[in-house]
Amino acid sequence: MKFGGTSVGKPERMHHIVKLVTKEAEIEPAIVVLSALSGTTNTLVEIGELIAKGDRSGAKQAIDKLEAHYLVFVTELVKKEEAVAKAKAIIAEHFEFLNIILKISFSEALSKDILAQGELLSTKLFCAYLEEQGIDHLLLPALEFMTIDSYDEPQIGSIKVKLTQILQQHKDKKLFVTQGYICRNARGEVDNLKRGGSDYSASLIAAAISASVCEIWTDIDGMHNNDPRVVKKTVPIEQMSFDEAAELAYFGAKILHPASIWPAQTYKIPVRLLNTMQPEAKGTLITEEAGSVGVKAVAAKDNIIAIRIKSSRMLLAYGFLRKIFEVFEKYRTPIDMITTSEVAVSLTIDNDANLKEILKELEPFGTVEVDKNQTIISVVGNEISRTEDMVKKLFGSIMNIPVRMVSYGGSPHNISLLISADYKTKMLQQLNKGMFGLD
Ligand code: ASP
Ligand code: MG
């Protein structure tokens, strides 16, 4: 059971999820994976950046403000004297650590140590509350079993061995608590699974122990058919396949970290997306089977850059695409969408860190055009490219919107369209009406 930042961000929310997890643990043993309290990781990123810049007084201010927030938090979280003392000691320990970091010279490894404090705090405070309530539990330190290799890839085999060993030693326990996001890298240093990585932790843990289910608890009742921040009416999707979920997570659905699909999919662990504030709601069940054919959802991915390389030398040539792809490989920049004609190729990237260098190296291949501020709109559903009338319906509902690129047939479950970001709202609204009959 993984709970995100907003699910633990207020003391009363923590109280509430303790009820949820204890109820579950009565039925079968549960591992609770927690994120940092909402806002904490952002602040820790900021603190790291301030220290890196040498702005120690700015960093000190941010640390003190965060500490004050936690001190208020625990006054509502726990009440008994002993528990209050314990919670305050936890806060003191972790903020002392941050204050010590202020005094030593900055390094990349140290910034990861800073980022880890959020999940360490949330889980320890959660356990302090469990203890106050007399609820039997065990804290599993993620740094003892969650590891990544030198390519930052989780070592599922070793995670499995270590975690099984720890659990073997505590067969009497029914409730376990651990940190999402944090891990150890190949050098043994504290590291993390990148922003939003707690979902990934949960999926890896579920896979490692062959859990009966991996539950991702957030503040919305499952994956919706469209972006609720953009269109008025959306509906939760009851069931979908891992393939569909992967497309949606990658192409913009914010509810699930895209990397968290593969461990559950590989180890055949059903994933359930549930709402902390509405625990009875069905949410979304993700399994191997799709449940139904046809369009399930649309999603949007922002900040996309489109690059077109046009060259008459591409005509009837072989090896042209390889040379172009090699440029992106060299700069470790993933390509999302690609379409080709006989004399031109268009592709998209979302990482502009090396854009200048990439464009320079593409120049010898032909005329290069760049369009920034683009949005990928993905229409996702099982076998949609084989669903009758789909294309007619899709394009029929967006006739007034200029489309820059179309990607059809790459996956049978996804049709992606590239548009200028200016049309995003309009596009999502019109698709909601055209594809789902929702206003
Ligand atoms: N706390 C981390 C973040 O904000 C990990 C997570 O919440 O999934 O990115
Ligand atoms: Mg998240």
Side-chain angles (χ1 to χ4, degrees), residues 1-10 13-14 17 21 31-49 62-63 65-67 69-70 73 90-91 94-95 97-98 108 111-127 139-143 145-148 152 154 159 177-185 189-207 214-220 223 245-246 248-250 252-264 271-277 350-351:
M1 302 176 80
K2 178 262 173 179
F3 294 87
T6 47
S7 298
V8 291
K10 296 214 168 78
R13 294 264 174 118
M14 264 202 189
I17 65 170
V21 303
I31 299 184
V32 177
V33 179
L34 298 183
S35 288
L37 311 197
S38 47
T40 298
T41 309
N42 285 344
T43 306
L44 293 170
V45 169
E46 227 177 271
I47 291 169
E49 284 169 359
I63 292 171
K65 197 170 151 210
L66 190 64
E67 182 170 11
H69 175 75
Y70 275 85
F73 185 91
I90 293 164
I91 296 175
H94 289 278
F95 282 90
F97 178 80
L98 288 174
E108 193 57 37
S111 82
K112 306 274 176 67
D113 272 313
I114 298 174
L115 293 176
Q117 303 309 306
E119 272 70 12
L120 292 170
L121 276 161
S122 66
T123 47
K124 287 188 188 178
L125 293 174
F126 188 77
C127 288
L139 179 65
L140 302 172
L143 298 178
F145 63 84
M146 191 58 79
T147 51
I148 52 175
D152 289 350
I159 296 168
V177 180
T178 190
Q179 297 89 16
Y181 181 57
I182 64 173
C183 61
R184 266 187 207 285
N185 63 26
E189 301 155 347
V190 172
D191 210 319
N192 60 64
L193 301 175
K194 313 260 159 57
R195 293 306 304 273
S198 292
D199 295 345
Y200 199 9
S201 304
S203 176
L204 287 164
I205 292 169
C214 173
E215 296 181 349
I216 307 285
W217 291 79
T218 62
D219 48 8
I220 180 165
M223 185 106 65
L248 283 170
Y250 186 70
K254 292 278 174 322
I255 184 169
L256 192 63
H257 191 286
S260 60
I261 306 284
W262 76 259
V271 174
R272 232 178 237 291
L273 308 178
L274 294 159
N275 186 351
T276 314
M277 298 321 287
D350 72 349
N351 173 355

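Counting starts at 1 for both ligands and their atoms, in listed order.
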If you round to the nearest 0.5 Å, how far is [atom2] of [Y] from [atom1] of [X]?
X: Thr276; Y: Ile216; atom1: OG1; atom2: CD1; value: 11.0 Å
X: Arg184; Y: Met146; atom1: CZ; atom2: CE; value: 13.0 Å
X: Thr41; Y: Ile47; atom1: OG1; atom2: CD1; value: 10.5 Å

Exercise for the section: Kindly confirm or rule out an N or O of Lys2 lying under 3.5 angstrom from an N or O of ligand 1. Expected result: no

Problem - N or O pair under 3.5 Å between Tyr181 and ligand 1 - result: no

Heavy atom of [X], distance to ligand 1 below 4.0 Å:
X: Gly197; result: yes
X: Gly196; result: yes
X: Glu119; result: yes

Ligand-residue contact atoms, ligand 1 with [X], heavy atoms, under 4.0 Å:
X: Arg195; value: 3 (C), 4 (O), 9 (O)
X: Ser35; value: 6 (C), 7 (O), 8 (O)
X: Ser198; value: 5 (C), 6 (C), 7 (O), 8 (O)

Practice task
Report yes if some heavy atom in the side chain of Ser35 is under 4.5 Å from a heavy atom in the side chain of Lys2; otherwise report no.
Solution key: yes

Practice task
Evaluate the side-chain proximity of Leu143 to Ile182: yes if any heavy-atom separation is below 4.5 Å, no if none is.
Solution key: yes

Problem - Check: Glu108 main-chain N/O paired with Ser111 side-chain donor or acceptor under 3.5 Å - result: yes

